[in-house]
Every structure is written in structure tokens, then in C-alpha cells.
Protein chains: 2
Amino acid sequence: MSLSQMDHGWLWDKLDAYLARHSLRQTNQRKDIVNALISMREKHVDAEKLHNAVKDLGLDIGLATIYRTLGLLREAGIVEQRSFTDGRAIFELAIPDEHHDHLICIDCGIVKEFENEEIEALQLKIANSLGFSLSSHKLELYARCLREPCPNRVR
Amino acid sequence: MSLSQMDHGWLWDKLDAYLARHSLRQTNQRKDIVNALISMREKHVDAEKLHNAVKDLGLDIGLATIYRTLGLLREAGIVEQRSFTDGRAIFELAIPDEHHDHLICIDCGIVKEFENEEIEALQLKIANSLGFSLSSHKLELYARCLREPCPNRVR
DNA sequence: CTACCTGCAAACGTTTTGCAGCTTC
DNA sequence: GAAGCTGCAAAACGTTTGCAGGTAG
């Protein structure tokens, strides 16, 4: 077992369990894609970025398989799917007990993560008061850096 | 001035101001699209629904113009663009001082609106503590009706 | 040997764009 | 009459799917 596999033991366990439960196969492509995903610096990746990361490891996997595997990982609860501003889907490892929300800079697009228990509690309360049981939520803050010009700006 | 135009005076003022400020033209299509948007029962519409509403008024406007006008209305601060679960863009009138967030039923897709000052205040605090000035936010709760089966379910 | 999986290319649904003609100012 | 605007059709975009061949269990 490689180092990165050790760091993410929960992930491989979860994947194995999901595959077994649904009578799906362990394939090299799936392992390679997960390894590429783990090794990426960026936490928020889209299918194309992941495809490139896989290629950079010298592997040749079709984009369709990337999409199919990301869908599988989402169903298995291993990644979360988001969307932010543009149309494309963004995926992120769903590390157990590490829920967080996102603040996105409207100048440079940088994504900061934060946690706030108070807001989480209020969300539960709101859903209940409307007669619903909360399943998940999406909270994104769009904001501008207080220092001008934005120090993260690239363009 | 029609009744619906009276009800939405702020909107026409805002549109006129935006058009003037950017040296853009007043056209029948733009007025017709805004009127169709105002007259719709559904608060959350996509481009196709709006296109159909326009057609139902006996008007013949191209889908491309619907998209272009919705983009203009967004830039003018007259509508807000969202996305919810599926890929398509959803638009909603951005009524001044009537901000709200959304709870979406994961069974039937019905959208409930809610407001919560406490959460809004916490968001401001969080953005500031991260060194940002909050511009806008998106909060969506995905939840399941407490009564089974979901009374809103259509399928 | 029976699912299941993959790569490829084609299809998909939504949104954008190039262009020729028309409208607004 | 110059600058915008529109409709149309075609293109673009990210994503999904059908299929023929390959692979895991």
C-alpha cells in the first residue's frame, strides 16, 4: 500500500465497500483515477483537470471513464459535487467529519473554506420549521478582498 | 402604464437607468420579455419557460434574445441567476430588500423560500474575519419532507 | 463464462455566437 | 447614419450514452 493510500485509508475502505455492495468491479482505471485525485494539489477539481492529472501520471484513460468514475465516487460518498459560478461540475474529497462551506473571491476566483457550527444549527432549525428534514446544503459566499487590488488576482 | 408595470415600478426604473447608463436601446422585445417575466406565476424560471411564456402572449421572440435579455437583466440587478440541482440556469426577480434563500425538496423538487437574519449576520462576520467584504451569497438547503410520502411529489 | 467496464465517437441539452438585415436614437 | 439589436442557424460547452471489444470475478 502506497503512502497516499495509507493517508486515505477511509477512502479505499469506503470504495471497496461500495463496490462490493453493488457487485461492481475493482479496475485499474478506478484505482488510478482515485490515486490521481488524491495526489492533486487543488482540492476543487473538474473532470478535465482530473483527466489531465491522470495523463500526467502517464496513464491513458478516456474522459468518459473519468466522468463515470466521478459519478461512482459521488454515489459512494467519497467526493462531493458542487458547481460554483460557471457551468461545470466541481468535485472535492468528502473527508469524513470535515464539512465546510466556501467563500469565493469575485475578483480572482480563489476559494477559501470555512466552518460555522452556528449556521449549521440554524439550517437544521429552519428546515424543521418548514416541515422538512435536512439532507444537505450548499452555502457559498461571494466576496471581494478588503485589500485593493485583490492580492490573489492573476489576470 | 399597465397594472403590472405599476406594481413593478422599481424594475422599470432600474432597467431604464441601466440602459441609459450603458447607451443601450429600449426595444419592444426587451419590454415584452420583462412583461412576460412579471406576469409569470412561477417565481423560478429558466430561459425555455420564459420563452414559452412569451409565446403564450402571442409574441414571437427568438430564444437567443431571451438569453441575451436575461443576461442584461442580471447585469442590471433586476434578476438573480441560480442553478439548483440540474445544469440549467434559473432566474428570479431580485425584488429590492426582499432577499431570501431556498429549501429544495429532494423528493419532488418543490422550492420553499425562507429568510433568516441570524444567518445573514453570521455570513457577514465570516467574510470579514477571512479578510473579505461580502458581496452576495447562495444558500440552498436540500431536504426531505417529514411526512412520507412527500405530499408534493408529482411523479 | 457472465456480468461488468472501457474507449471511442456520436449524441445530448443548454447556452453562446457570427452574420445579415432591421431598429433605435 | 452610426451603433445597437434581432432572428436564425450553427457552434460551443460540459456531460452522457450506444456500442463493440476487453477484463474481473
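Just so we're on the same page: letters track the sequence lines, and every chain starts at 1.
- Residue Leu59(B) contributes atom CG, which lies 14 Å from atom C1' of dT6(D) at whole-angstrom precision.
- For Thr27(A), the listed nucleotide lying nearest its side chain is dT6(C); candidates were dT6(C), dT15(C), dC5(D).
- Rounded to a whole Å, the CD1 atom of Ile66(B) is 12 Å from the P atom of dC8(D).
- Between the CG atom of Leu50(A) and the P atom of dG14(D) there is a distance of 15 Å, given to the nearest Å.
- Glu118(B) pairs with exactly one of Ile126(A), Ile119(A), Leu122(A) by the side-chain contact (heavy atoms from CB on, under 4.5 Å) rule, that one being Leu122(A).
- In this structure, the CD atom of Gln29(A) is 9 Å from the P atom of dT23(D), given to the nearest Å.
- Rounded to whole Å, the distance from NE2 on His22(A) to P on dG25(D) is 16 Å.
- In this structure, the NZ atom of Lys31(A) is 13 Å from the P atom of dC5(C), given to the nearest Å.
- In terms of position on DNA chain C, the residue among Arg25(B) and Ile90(B) whose nearest nucleotide sits closer to the 5' end is Ile90(B).
- Using a 4.5 Å heavy-atom cutoff, the side chains of Asp32(B) and Val54(B) are not in contact.
- In this structure, of dC5(D), dG7(D), dT16(D), it is dC5(D) that holds the atom nearest to the side chain of Arg30(B).
- Partner Val45(A) forms a side-chain contact (heavy atoms from CB on, under 4.5 Å) with one of Ile90(A), Leu37(A), Val79(A) and no other, that one being Leu37(A).
- Take the nearest nucleotide of DNA chain D for Leu63(B) and for Glu48(A): the residue whose nucleotide is more 5' is Leu63(B).
- Ranking dT6(C), dG4(D), dT14(C) by closeness to the Leu24(B) side chain, first place goes to dG4(D).
- As rounded to whole Å, 14 Å separates atom P of dT16(D) from atom CZ of Arg88(A).
- Residue Lys125(B) places its NZ atom among 12 or fewer non-hydrogen atoms of other residues, nucleotides or ligands, all under 6.0 Å distant.
- When the P atom of dG14(D) is taken as reference, atom NE2 of His51(A) falls 14 Å away, rounded to whole Å.
- Here dC8(C) is the nucleotide among dT6(C), dC8(C), dT6(D) with the atom lying nearest to any side-chain atom of Ala64(A).
- Between the side chains of His99(A) and Glu120(A), a donor-acceptor pair is found at a separation under 3.5 Å.
- When heavy atoms are screened at a 4.0 angstrom cut-off, Asp46(A) is found touching no nucleic acid atom at all.
- The side chain of Tyr67(B) places an N or O atom within less than 4.0 Å of a non-bridging phosphate oxygen (OP1 or OP2) of dT15(C).
- Between the base of dG4(D) and the side chain of Arg68(B) there is no donor-acceptor pair shorter than 3.5 Å.
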